[in-house]
Amino acid sequence: MPCGTILEPSARAVRDLLRRRQLLVSKRTSLILALKNQYIRTHGQNLPLARVKSSSPEEMAGLFENCHERLAAEITKAEIDHLEESIKRI
């Protein structure tokens, strides 16, 4: 039966912070893939990752014609940017 390691209290905080970072990276990746899939469904072409990362939320919204798709793209890109900032802080 495998046994776990009980970390010192100071190391627990670092471990928990790294787990939080891993969760944020996973959420950011999911949002990027969702935005790319939305673009593929709408335009039938791939959206390069570099363009996703370098665009502002308003620029990302401008890629879509439908007002609902524009709003979804803008919100998704804003969330991606927020997660990026949080990941950098960690």
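Counting all heavy atoms, side chain and backbone alike, A72 lies closest to Q38 at CB-NE2, 4.1 Å. Considering all non-hydrogen atoms of both residues, M60 and L47 come closest at SD-CD2, 4.0 Å.
Considering only residues two or more places apart in sequence or on other chains, I75 meets the side chain to side chain contact (heavy atoms under 4.5 Å, CB included) condition with L71. The side chain to side chain contact (heavy atoms under 4.5 Å, CB included) test applied to A61 returns R70, E74, not counting sequence neighbours. Here E79 pairs with L31 under the side chain to side chain contact (heavy atoms under 4.5 Å, CB included) rule; sequence neighbours left out. Looking at residues two or more places apart in sequence or on another chain, you find a ring-ring contact (aromatic ring centres under 6.0 Å, His included) between H43 and Y39, F64. Applying the side chain to side chain contact (heavy atoms under 4.5 Å, CB included) test to D16 and every residue at least two apart in sequence or in another chain returns R19.
Evaluation of the salt bridge (charged side-chain N to carboxylate O under 4.0 Å, His left out) test over residues 49-60, restricted to residues two or more places apart or in two chains, returns none. Identified under the side-chain hydrogen bond (donor to acceptor under 3.5 Å, both in side chains) test for residues 24-34, with sequence neighbours left out: R28-E84.
Note on I90: it clusters hydrophobically with I80, by side-chain heavy-atom contacts below 4.5 Å among ILVMFWY residues. Side-chain heavy atoms closer than 4.5 Å link hydrophobic residues (I, L, V, M, F, W, Y) into clusters, and following such links, possibly through other members, connects L24 to L17.
Here CG of N37 is found 12.0 Å from CD1 of I32. Values are rounded to the nearest 0.5 Å. With rounding to the nearest 0.5 angstrom, the CZ atom of R21 is 6.0 Å from the CD1 atom of I87.
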In residues 5-15, what donor-acceptor pairs under 3.5 Å come from side-chain atoms, sequence neighbours left out?
{"residue": "R12", "atom": "NE", "partner": "L7", "partner atom": "O", "Å": "2.9"}
{"residue": "R12", "atom": "NH2", "partner": "L7", "partner atom": "O", "Å": "3.0"}

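The backbone N or O of V52 lies less than 3.5 Å from a partner atom in the side chain of K77, making a donor-acceptor pair.
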